Amino acid sequence: MSEIKSVCVYCGSSAQVAEGFKQAASALGEIFAQAGIRVVFGGGRVGLMGLVSDATMEHGGTVIGIIPEHIAEKEIAHSGLTELHVVETMHERKQMMVDRADAFIILPGGLGTMDEFFEIFTWWQLGLHDKPIIIVNLDGYWDSLLALVDNIITQGFARPADREYLTVINRIDEVLDALERAPQEKIDVKTKWI
Ligand code: AMP
């Protein structure tokens, strides 16, 4: 596995969530700062997004935020990051986040987080990247998402290999180990249905 130097964190922009999720977001930022792993995220200072980035900065880490103009105000762009990029569109933001990361971490989040997860999962499925995808399933938060993926496979709309590419952990302190052992392989899209 090539060395992971930069991780894109997808997570909720809401703060009206369980205390345990907030603590986990802060703990994740601290872990990455101490491990010297750069954090790439959506650039807002609200919700779990704000907590991950604050904790990374507070512990001397590096954070790159990428936020589109039209939501910069709503999500209140974080002004204390190593770099903040204000881009024009959501597509630009998402592409830039993917390009700058060596791996993806999915913390609990809402609809935006799910969209981001499915995008990088399907981009892997199409052979567009070979970066590890780690789902942090705190308190079983993502159980229903994983059940949905399993059902998609059972019904024949995706392959067991797709599910196997996802690394699922239950605790934040498993994240560095998960990055070490997560699969990192590009699929040959021609073999997708063969
Ligand atoms: P949420 O999980 O809904 O709190 O959103 C988390 C992040 O996803 C925020 O930075 C949102 O700007 C972003 N987001 C929300 N909706 C979308 C979407 N349709 N596509 C991509 N990102 C989104």
Side-chain angles (χ1 to χ4, degrees), residues 1 4 6-29 31-32 35 37 39-42 44 47-52 90 93-95 97-98 101-189 191-194:
M1 190 190 78
I4 305 287
S6 180
V7 165
C8 177
V9 179
Y10 296 123
C11 61
S13 55
S14 172
Q16 316 305 311
V17 301
E19 203 51 42
F21 294 160
K22 296 190 211 176
Q23 284 167 9
S26 299
L28 186 69
I31 288 169
F32 284 150
I37 292 174
V39 169
V40 177
F41 83 119
L48 301 191
M49 298 170 72
L51 292 169
V52 173
M90 290 296 274
R93 174 205 224 182
K94 290 161 86 176
Q95 183 70 56
M97 288 168 78
V98 169
D102 302 320
F104 307 102
I105 307 280
I106 323 294
L107 284 186
L111 303 175
T113 304
M114 283 231 296
D115 173 89
E116 289 162 328
F117 161 67
F118 275 114
E119 183 165 81
I120 47 113
F121 192 22
T122 52
W123 284 11
W124 172 77
Q125 194 189 43
L126 293 172
L128 296 176
H129 74 79
D130 59 358
K131 302 173 182 180
I133 302 172
I134 318 277
I135 295 182
V136 187
N137 191 23
L138 296 171
D139 288 334
Y141 180 75
W142 290 122
D143 281 354
S144 49
L145 176 77
L146 294 166
L148 175 65
V149 171
D150 284 341
N151 185 49
I152 287 169
I153 292 164
T154 305
Q155 302 283 335
F157 287 101
R159 306 158 315 147
D162 297 329
R163 172 65 184 80
E164 285 158 22
Y165 192 72
L166 301 175
T167 300
V168 181
I169 59 175
N170 299 315
R171 296 197 334 246
I172 280 294
D173 60 7
E174 294 173 87
V175 75
L176 295 180
D177 179 56
L179 284 171
E180 278 286 314
R181 67 180 165 83
Q184 184 169 20
E185 64 193 61
K186 201 160 205 158
I187 67 164
D188 178 357
V189 78
T191 65
K192 190 176 168 198
W193 299 120
I194 297 168

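The first residue of the sequence shown is numbered 1, and numbering continues consecutively from there. Computed from a predicted model, the values in this text were never measured in an experiment.
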To check you understand the geometry: which heavy-atom pair defines the closest contact between Ala182 and Ile134, and what is its length? CB-CD1, 3.8 Å
To the nearest 0.5 Å, atom CE of Met114 lies from atom CH2 of Trp142 at 6.5 Å
Which atom names give the shortest non-hydrogen contact between Met49 and Gly44, and what distance separates them? CE-N, 3.7 Å
Has Asp130 got more than 12 heavy atoms of other residues, nucleotides or ligands less than 6.0 Å from its CG? yes
Just verifying a value: how many Å separate Lys131 NZ and Ile4 CD1, rounded to the nearest 0.5 Å? 9.5 Å
Side-chain heavy atoms of Asp162 within contact of Val149, under 4.5 Å: no
To the closest 0.5 Å, what do you measure between CD1 (Ile105) and CZ (Phe32)? 4.0 Å
Between Arg163 and Asp150 (side chain of the first, backbone of the second, donor and acceptor by atom type, cut-off under 3.5 Å), is there such a pair? no
Against Tyr10, only a single residue in Leu107, Ile135, Asp115, Thr113 fulfils side chain to side chain contact (heavy atoms under 4.5 Å, CB included); can you say which? Thr113
Non-hydrogen side-chain atoms of Phe157 and Asn151 separated by less than 4.5 Å: no
State the CG-OG distance between Leu111 and Ser14, to the nearest 0.5 angstrom. 11.0 Å
What closest approach, in Å, do Asp102 and Pro132 show between heavy atoms, and which atom pair accounts for it? O-CD, 3.3 Å
Given 3.5 Å as the limit, does a donor-acceptor pair link the side chain of His129 with the main chain of Trp123, or not? no
Working note: Leu145 + Ile106, criterion side chain to side chain contact (heavy atoms under 4.5 Å, CB included); need CA distance, chi angles, decisive distance, verdict. CA-CA 12 Å; Leu145 176 77; Ile106 323 294; 5.9 Å; no
Smallest heavy-atom separation, Val7 atom then Ala101 atom, equals C-CB, 4.3 Å
Could you report the tightest heavy-atom contact between Glu185 and Tyr165, atom names first, then the distance? N-OH, 3.5 Å
Are side-chain heavy atoms of Val136 and Tyr141 found at a separation under 4.5 Å? no
So, the side chain of Lys94 versus the backbone of Glu116: is there a donor-acceptor pair under 3.5 Å, distance only? no
How far does CZ of Arg159 sit from CD of Glu164, to the nearest 0.5 angstrom? 9.0 Å
Heavy-atom donor-acceptor pair, Asp177 side chain to Glu174 backbone, under 3.5 Å: no
Does the side chain of Ile37 reach to within under 4.5 Å of the side chain of Leu176, using non-hydrogen atoms? yes
To check you understand the geometry: which heavy-atom pair defines the closest contact between Cys8 and Met97, and what is its length? SG-CE, 3.8 Å
To the nearest 0.5 Å, tell me how far Leu166 CG sits from Phe104 CZ. 12.5 Å
